[in-house]
Amino acid sequence: MTTAYIEDIAKHEGQQVRLRGWLHNRRSSGKIHFLTVRDGSGFIQCVMSKQAVGEEMFKRADHLTQESAIIVEGTARADSRAPGGYEVDVTSLEIVSEAKDYPITPKEHGVDYLMDRRHLWIRSQRQQAILRVRHEVINGVRDFFNGRGFILADTPIFTPAACEGTTTLFPVQYFEDATAYLTQSGQLYNEANAMALGRVYSFGPTFRAEKSKTRRHLTEFWMVEPEMAYATLDDVMQLAEDLVVYVVGRALEHRKRELQALERDTSKLEKVQAPFPRISYDEAAEILRKKGLPFEWGGDFGAPDETALSEEFDRPICVHRYPSAVKAFYMKPDPDRPEVALGVDVLAPEGYGEIIGGGERLADYDLLLQRIKEHNLPQEAFEWYLDLRRYGTVAHGGFGMGIERVVSWICGLEHLREAIPYPRMLYRLYP
RNA sequence: UCCUCAGUAGCUCAAUGGCAGAGCAUCCGGCUGUUAACCGGAGGGUUGUAGGUUCGAGUCCUACCUGAGGAGCCA
């Protein structure tokens with residue numbers, strides 16, 4: 001008897017197989033049971049007739065509860081009526097352990113109820129599909145950078161101070177006397193790593209203590225941040241475009257089934273091809289003005305602005321050259337127009353907003369020092385960062401891409417919280 | 001922090017100021033092709049908390065608690 005995974009069932013057509021999993025749902029018709037079994041690799045309907053298994057074994061399945069652990073044996077059979085194309089005709093059923101009163105029933109539940117039971121919710125078909133797409137996105141990101149000569153150089157999670165003075169940090173007690181902060185970006189360290197290794201990326205969790213209460217925010221999220229020495233804004237935009245095209249392509253290629261289960265309109269994703277429109281902040285402001293939105297030059301785009309902009313295009317867009325005043329201190333000003341910075345945001349279509357933010361960094365020692373002072377940042381904390389400008393400074397740049405926002409967009413989710421196994425939000429620390 | 005909305009059976013929701021209801025889940029019974037199966041029956045309630053108005057409050061008023069959506073901020 002071969003032990004098989006449901007995802008491989010097609011290879012076992014006509015054979016006797018053993019499936020080890022859990023009962024997802026049961027429908028019964030007197031002398032025939034339909035058991036939907038899941039084993040982590042997929043879902044499949046197992047058909048059990050009284051005639052085939054006998055009175056005693058059939059009766060055992062009468063009261064089999066949702067999520068009970070079971071091992072079924074039977075013959076794999078192609079069936080046009082089955083959603084996955086295959087069914088198993090059961091010859092034997094073993095109950096490994098019974099589940100009592102599983103709280104997530106096959107009917108509707110509210111988000112709060114499900115979030116309190118996130119550890120069980122991830123057993124559902126939909127949540128599994130999302131987490132598989134997430135896995136593909138992460139794998140795609142790693143393959144993309146590894147295949148292009150980038151070195152993974154991780155940046156610290158405990159940091160001594162803010163990278164950018166503006167956002168809120170989570171403080172943690174660091175032994176007796178010191179306070180450390182959870183990282184909100186690996187970027188400054190990435191710059192040092194790029195000067196050592198040329199092309200680098202970091203990939204890890206990031207923490208923001210912003211009291212944001214929207215469907216686009218988590219307090220803990222995963223971010224990939226590439227950084228390149230001898231790179232300009234155009235190189236950064238090119239890299240961002242290549243990455244997004246590659247990752248979306250990977251999801252379409254390897255996770256078609258999951259996207260289908262999520263009822264994602266994949267024709268929209270198929271349009272994600274190079275080149276992405278590159279529009280300046282000025283042009284974006286003009287588009288918003290023409291659409292009648294109350295937008296004034298100098299401010300950052302709000303969520304409705306980003307949605308309005310992305311509506312104009314069928315693929316992600318690169319918006320570049322933002323006013324320096326709204327951007328971080330380490331952004332390089334445009335030599336031709338110092339009031340704008342050489343930064344770029346990539347906005348996803350369909351109203352999903354910013355998935356990437358980055359740009360060319362300030363490489364000049366004097367100007368960087370001036371900016372640190374203007375932002376009232378403690379110079380001594382940035383001495384190591386200034387060293388990068390003292391010893392062989394070169395043009396360089398990179399960006400950060402939020403994994404959950406990309407997963408959310410690719411899956412077509414309503415809310416970021418489903419794009420990570422255990423979301424951390426303003427009012428959510430359990431489970 | 002601000003604005004808006006919501007809280008009723010285990011879950012999802014209904015109930016004009018006038019008897020507390022339905023579907024699902026659970027339990028009992030029926031059904032050999034079901035796809036959130038279906039059909040019949042049963043059990044299941046301190047209407048978020050505290051006060052107030054009223055002959056009478058799930059419903060109106062006040063405060064608080066909890067959650068959701070949005071703003072700001074950002075990936």
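Quick note on labels: first sequence line is chain A, next is B, and so on, each numbered from 1.
- Rounded to whole Å, the separation between the C1' atoms of B/C24 and B/A42 comes to 16 Å.
- Protein atom CD of A/Gln66 is 18 Å distant from nucleotide atom P of B/G10, rounded to whole Å.
- Protein atom CG of A/Asp62 is 11 Å distant from nucleotide atom P of B/C27, rounded to whole Å.
- In terms of modelled atom types and a separation under 3.5 Å, the side chain of A/Ser324 and the main chain of A/Pro338 share a donor-acceptor contact.
- Within the nucleic acid shown, A/Pro304 comes within 4.0 Å of sugar-phosphate atoms alone, with no base atom in reach, counting heavy atoms only.
- For the C1' atoms, the distance from B/G41 to B/A50 is 41 Å, rounded to whole Å.
- Residues A/Phe207 and A/Tyr181 keep their aromatic ring centres 6.0 Å or farther apart.
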- Message: Evaluate A/Leu347 against A/Ile355 for side-chain contact (heavy atoms from CB on, under 4.5 Å), listing each step before the verdict.
- Response: CA-CA 6 Å; A/Leu347 307 183; A/Ile355 52 171; over 6 Å; no
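- The environment of CZ in A/Arg20 is sparse: at most 12 heavy-atom neighbours from other residues, nucleotides or ligands sit within 6.0 Å.
- Within the 3.5 Å criterion, the main-chain N or O of A/Phe34 finds no donor-acceptor partner in the side chain of A/Arg27.
- When heavy atoms are screened at a 4.0 angstrom cut-off, A/Gly353 is found touching no nucleic acid atom at all.
- Between the side chain of A/His109 and the base of B/C11, no donor-acceptor pair under 3.5 Å is found.
- Both A/Arg26 and A/Asp89 lie close to RNA chain B; mapped to their nearest nucleotides by heavy-atom distance, the more 5′-ward contact belongs to A/Asp89.
- Atom P of B/A63 sits at a distance of 36 Å from the matching atom of B/A22, rounded to the whole Å.
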- Message: The test is salt bridge (charged side-chain N to carboxylate O under 4.0 Å, His left out); show your working for A/Asp112 and A/Arg117 and say whether it passes.
- Response: CA-CA 9 Å; A/Asp112 192 45; A/Arg117 292 156 186 81; over 6 Å; no
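- Note on A/Ser28: a base of the nucleic acid sits closer than 4.0 angstrom, heavy atoms only.
- In this structure, the nucleotide among B/U34, B/A75, B/C73 sitting nearest to the side chain of A/Phe221 is B/A75.
- Along RNA chain B, the nucleotide nearest to A/Ile356 and the one nearest to A/Gly30 differ in position, and the one closer to the 5' end is contacted by A/Gly30.
- With a 4.5 Å cut-off on side-chain heavy atoms, A/Trp222 and A/Arg134 count as touching.
- Comparing B/A25, B/A75, B/G33 against the side chain of A/Arg77 picks out B/G33 as the nearest.
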- Strand RNA chain B in bracket notation, Watson-Crick/G-U under 3.5 Å with | for pairs to another chain: (((((((..((((....[..)))).(((((.......))))).....(((((..]....))))))))))))....
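- Contacts of A/Asp345 with the nucleic acid, taken as non-hydrogen atoms under 4.0 Å apart, are absent.
- Cation-pi geometry between A/Arg199 and A/Tyr201 is not satisfied (NZ or CZ under 6.0 Å from the ring centre, within 45° of the ring normal).
- Between A/His63 and B/C28 there is a side-chain N or O to OP1 or OP2 distance below 4.0 Å.
- Remark: the separation of the C1' atoms in B/A20 and B/U47 is 9 Å, to the nearest Å.
- Taking the C1' atoms as reference points, B/G58 lies 12 Å from B/G45, given to the whole Å.
- Of the candidates B/C74, B/A75, B/C31, B/A75 carries the atom nearest the A/Glu354 side chain, counting heavy atoms from C-beta on.
- B/U4 and B/G43 have their C1' atoms separated by 40 Å, with the value rounded to a whole Å.
- Taking atom CG of residue A/Leu35 and atom C1' of nucleotide B/A36, one finds them 16 Å apart after rounding to whole Å.
- Comparing the same atom, C1', in B/A57 and in B/G51 gives a spacing of 14 Å after rounding to whole Å.
- For the OP1/OP2 pair of B/G69 and a distance below 4.0 Å, the side-chain nitrogens and oxygens of A/His415 include at least one atom meeting the criterion.
- Using C1' as the reference atom, B/G48 and B/A6 are 11 Å apart when rounded to the nearest Å.
- Nucleic acid contact class of A/Ala303 (heavy atoms, under 4.0 Å, all strands): sugar-phosphate only.
- Taking the six-membered ring for Trp and thresholds of 30 and 60 degrees, A/Trp384 and A/Tyr189 have nearly parallel ring planes, at less than 30 degrees apart.
- No contact: A/Glu404 has no heavy atom under 4.0 Å from any strand.
- At a threshold of 4.0 angstrom between heavy atoms, the contacts of A/His33 with the nucleic acid are absent.
- Aromatic ring orientation, A/Phe382 versus A/Tyr385: perpendicular (interplanar angle above 60°, classes split at 30° and 60°).
- For the OP1/OP2 pair of B/G72 and a distance below 4.0 Å, the side-chain nitrogens and oxygens of A/Arg208 include no atom meeting the criterion.
- Atom CD of A/Gln45 and atom P of B/A36 are 10 Å apart (whole Å).
- A salt bridge links A/Lys291 to A/Glu311: one of the charged nitrogens lies within less than 4.0 Å of a carboxylate oxygen.
- Within 4.0 Å (heavy atoms only), A/Ile104 reaches no atom of the nucleic acid at all.
- Here A/Arg126 lies out of heavy-atom contact (under 4.0 Å) with every strand.
- Among the nucleotides B/G70, B/U32, B/A75, the one closest to any side-chain atom of A/Arg405 is B/A75.
- Rounded to a whole Å, the OH atom of A/Tyr352 is 16 Å from the C1' atom of B/A75.
- A/Arg117 contributes no side-chain N or O that forms a donor-acceptor pair with the base of B/C11 under 3.5 Å.
- Using a 4.0 Å heavy-atom cutoff across all strands shown, A/Asp300 reaches sugar-phosphate atoms only and no base atom.
- OP1 or OP2 of B/G69 has at least one side-chain nitrogen or oxygen of A/Arg417 nearer than 4.0 Å.
- Nucleotide B/A75 holds its P atom 20 Å from the CG atom of A/Leu413, rounded to whole Å.
- With hydrogens and angles ignored, a donor-acceptor pair under 3.5 angstrom links the side chain of A/Glu87 to the base of B/G33.
- Residue A/Met401 is classed as having no contact, given no heavy-atom separation below 4.0 Å to the nucleic acid.
- Taking atom OH of A/Tyr113 as the reference point, atom P of B/U8 lies 13 Å away to the nearest angstrom.
- Rounded to an integer number of Å, the gap from OH of A/Tyr201 to C1' of B/A75 is 18 Å.
- Closest approach to the A/Asn25 side chain among B/G33, B/A75, B/A36 is made by B/A36 (side chain taken as heavy atoms from C-beta onward).
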